[in-house]
Amino acid sequence: MEKQRTVYAGFDPTADSLHVGHLMAMMILRRFQQAGHRPIAVVGGATGMIGDPSGKSEERNLLSLDALQANIDGMEPQLRRFLDFDCGPNSAVLVNNYEWLGRFGYLEFLRDIGKHVPVNVMLAKDSVRGRLERDDVGLSYTEFSYMLMQAYDFVHLYERFGCELQVGGSDQWGNITAGIDLARRLSGVQLYGCTCPLLTRSDGTKMGKTESGAIWLSAERTSPYQFHQYWINLDDADVGRCLRFFTDLGQEEIDSLLAEHQSDPGRRAAQRRLAVELTRMVHGEDGLRSAERATEVFFGAEIRELDDAQLAGIFADVPSKELPRAKLDGGLSIIDALVLSGLCKNKSEARRIITQGGAYVNNRRMEGIETTLDQNHLAGETTMILRAGKKKYALLRFV
RNA sequence: GGGGGGUUUCCCGAGCGGUCAAAGGGGUCAGACUGUAAAUCUGAUGGACAUGUCCUUCGAAGGUUCGAAUCCUUCACCCCCCA
């Protein structure tokens, strides 16, 4: 593409933060921008009110206008980290489709848009067929109409910005082609679509999903440390693809990283670099630093010589419990400490953990269920760091 | 309407009067080995105090018995077959 083009991707505001599943679309827009083209990020203030049935097995709950706006407000700064909104002619553009869809009257929409879309085409879309074939869930007229709105978005963006290309995950194929068809019927122009496969991990699970939920881009939902850890722990088989898709590193650099990883997998140079690049991109230098500092402590030796303030920063994610200082005076049994901290749900479990060698105070293994804790076990002025197993931490603060 | 089968600890699933807190598998948790991985191996897996006892648990409620997850009665739910 020698001349500057305009390309768009849509983001539905279903939550107040984007997550790892949105990285692909954002990176594609970013690449286009780096190549001199103009990206448009559309947040679906209107479509989000309806709910996209694509890839969804069940009818969605409707969100209130206020909730949608709050979600959009949360997503916007995240998009800004990936796209440059102030760089001259190819500055990124952020628009909300409520601007144009919200104004439509029902009759007007039916006459101007609906008239040009054959129902048999709509029915043939995978997103619709999949839902109709199931007999345990239905598909409301509302969700059925979703694709018309997204189709019109494309037409609108073409008219207003000259946008000719829409990108998205492969689940968006039906919606994108609906837009292309609509543009052709309405004004005879040829628009284009491009989808990328939904990234799955080698174990078949969706990228960015863990047992405990999605990996979010907002620090409130997923701390920089947890975000960083997600990439550190990524399977070897997935790390190459992620480096290519999600970082700005060049092909040569990625190849050499992978070669390095190949020759010494134990160092996980590739995962570490991926974690660094992505954490910096999403959380900035400060976020990256705090994640790395926490990593050092979490996977380091015995914790000592740190003050409460440092500990509070490093263990920001870790649940903590305040206890009266007096508890320590007579000595606090390690069993009680584990239960009080919430690491163990009862004393039997605490005994088990200790007996099996999984109980740590300040990263130092505690042997024997008779152990009692006192002032000497504090890591800071008032803080004691308990750990059950490899990675499960809790703080006790004696005030 | 008639007949039969089922409901067990997080899940699946054995147990069919005492030796049952209940086999086995899965999951989960811990440990070892590792690369904060995978695979593998070991151990743990109702609770309370304590290393042995007590308390709660086998759909629900009653009953028989020295003693029941196991037998009987009623109820609830599920499945199958014949009408």
Side-chain angles (χ1 to χ4, degrees), chain A residues 20 136 199-213 215 222-243 246 256-279 288-303 314-319 330-372 385-394:
Chain A
V20 165
D136 53 337
L199 261 202
T200 54
R201 305 203 313 178
S202 50
D203 60 7
T205 56
K206 251 192 216 158
M207 187 63 72
K209 291 276 186 218
T210 65
E211 310 81 53
S212 43
I215 301 294
T222 301
S223 72
Y225 168 74
Q226 290 165 331
F227 184 83
H228 186 262
Q229 281 291 310
Y230 178 78
W231 301 108
I232 289 274
N233 284 314
L234 198 68
D235 202 276
D236 291 359
D238 300 317
V239 72
R241 272 187 318 169
C242 286
L243 281 166
F246 297 151
S256 86
L257 266 174
L258 291 177
E260 189 184 342
H261 181 65
Q262 197 75 50
S263 63
D264 185 5
R267 289 186 48 226
R268 276 166 308 136
Q271 278 94 335
R272 284 176 197 280
R273 184 62 186 276
L274 176 66
V276 166
E277 294 295 326
L278 274 170
T279 308
L288 174 60
R289 257 202 306 281
S290 77
E292 289 185 321
R293 209 168 47 229
T295 302
E296 275 171 40
V297 173
F298 277 62
F299 296 95
E302 184 173 345
I303 299 166
I314 292 166
F315 290 94
D317 302 349
V318 168
L332 176 64
S333 104
I334 177 84
I335 294 176
D336 289 334
L338 285 169
V339 174
L340 286 168
S341 70
L343 284 177
C344 296
K345 67 174 191 288
N346 54 48
K347 295 188 181 182
S348 294
E349 190 179 333
R351 286 197 184 88
R352 207 176 296 141
I353 294 280
I354 299 162
T355 310
Q356 297 183 136
Y360 296 78
V361 174
N362 306 327
N363 271 358
R364 181 152 157 236
R365 180 179 283 175
M366 291 287 128
E367 321 248 8
I369 57 174
E370 306 297 338
T371 309
T372 56
I385 296 144
L386 298 178
R387 190 178 117 206
K390 288 262 191 296
K391 299 180 187 174
K392 221 165 59 188
Y393 279 87

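Below, read A as the first sequence line, B as the second, and so on, with proteins coming before strands; counting in each chain starts at 1.
- Listed nucleotides: B:rG31, B:rU36, B:rG43. Nearest to the side chain of A:Gln356: B:rG43.
- Taking atom P on both nucleotides, B:rC58 is separated from B:rU7 by 14 Å, rounded to a whole Å.
- Considering only side-chain N and O atoms, A:Arg272 lies nowhere under 4.0 angstrom from the phosphate OP1 or OP2 of B:rA37.
- Closest to the side chain of A:Tyr360, from the set B:rA37, B:rG35, B:rG31, is B:rG31.
- Of all nucleotides present, only B:rG6 satisfies the Watson-Crick or G-U wobble test against B:rC77, with each distance under 3.5 Å.
- Straight-line distance between the P atoms of B:rC11 and B:rG27: roughly 16 Å, to the nearest whole Å.
- Nucleotides B:rC29 and B:rC80 are separated by 40 Å at their C1' atoms, to the nearest Å.
- Counting only distance, with no hydrogens or angles, the side chain of A:Arg351 and the backbone of A:Ile353 share no donor-acceptor pair below 3.5 Å.
- B:rU9 and B:rU28 are spaced 14 Å apart, taking the C1' atom of each and rounding to whole Å.
- The side chain of A:Gln271 lies closest to B:rG35, out of B:rA32, B:rG35, B:rU36.
- The nucleotide B:rA14 finds no pairing partner, because no Watson-Crick or G-U wobble arrangement with both distances shorter than 3.5 Å includes it.
- For A:Arg352, whose side chain is taken as the heavy atoms from C-beta onward, the closest listed nucleotide among B:rU36, B:rU34, B:rA44 is B:rA44.
- Nucleotides B:rU51 and B:rG24, compared at atom C1', are 27 Å apart to the nearest Å.
- Within the 4.0 angstrom heavy-atom criterion, base atoms lie near A:Arg351.
- For A:Lys391, taking side-chain heavy atoms from C-beta onward, the closest of the listed nucleotides B:rA32, B:rU36, B:rG35 is B:rU36.
- Dashed line: the shortest gap from a side-chain N or O of A:Arg268 to OP1 or OP2 of B:rU36 is under 4.0 Å.
- Look at the C1' atom in both B:rG35 and B:rU45: the space between them is 29 Å, to the nearest Å.
- Considering only side-chain N and O atoms, A:Arg365 lies under 4.0 angstrom from the phosphate OP1 or OP2 of B:rA32.
- If you check B:rU28 for Watson-Crick or wobble pairing at under 3.5 angstrom, you find it paired to B:rA44.
- A donor and an acceptor atom never sit less than 3.5 Å apart when one is taken from the side chain of A:Asn346 and the other from the base of B:rG46.
- A donor-acceptor contact under 3.5 Å is formed by the side chain of A:Gln229 with the base of B:rU36.
- Phosphate proximity of B:rG47 to A:Lys347: absent, as no side-chain N or O sits under 4.0 Å from OP1 or OP2.
- Comparing B:rG35, B:rA48, B:rA50 by their nearest atom to the side chain of A:Pro265 picks out B:rG35.
- Distances from the side chain of A:Lys390 to the nucleotides B:rU36, B:rG31, B:rG35 place B:rG31 closest.
- Sparse packing is recorded around CZ of A:Arg364, with 12 or fewer heavy atoms of other residues, nucleotides or ligands lying under 6.0 Å away.
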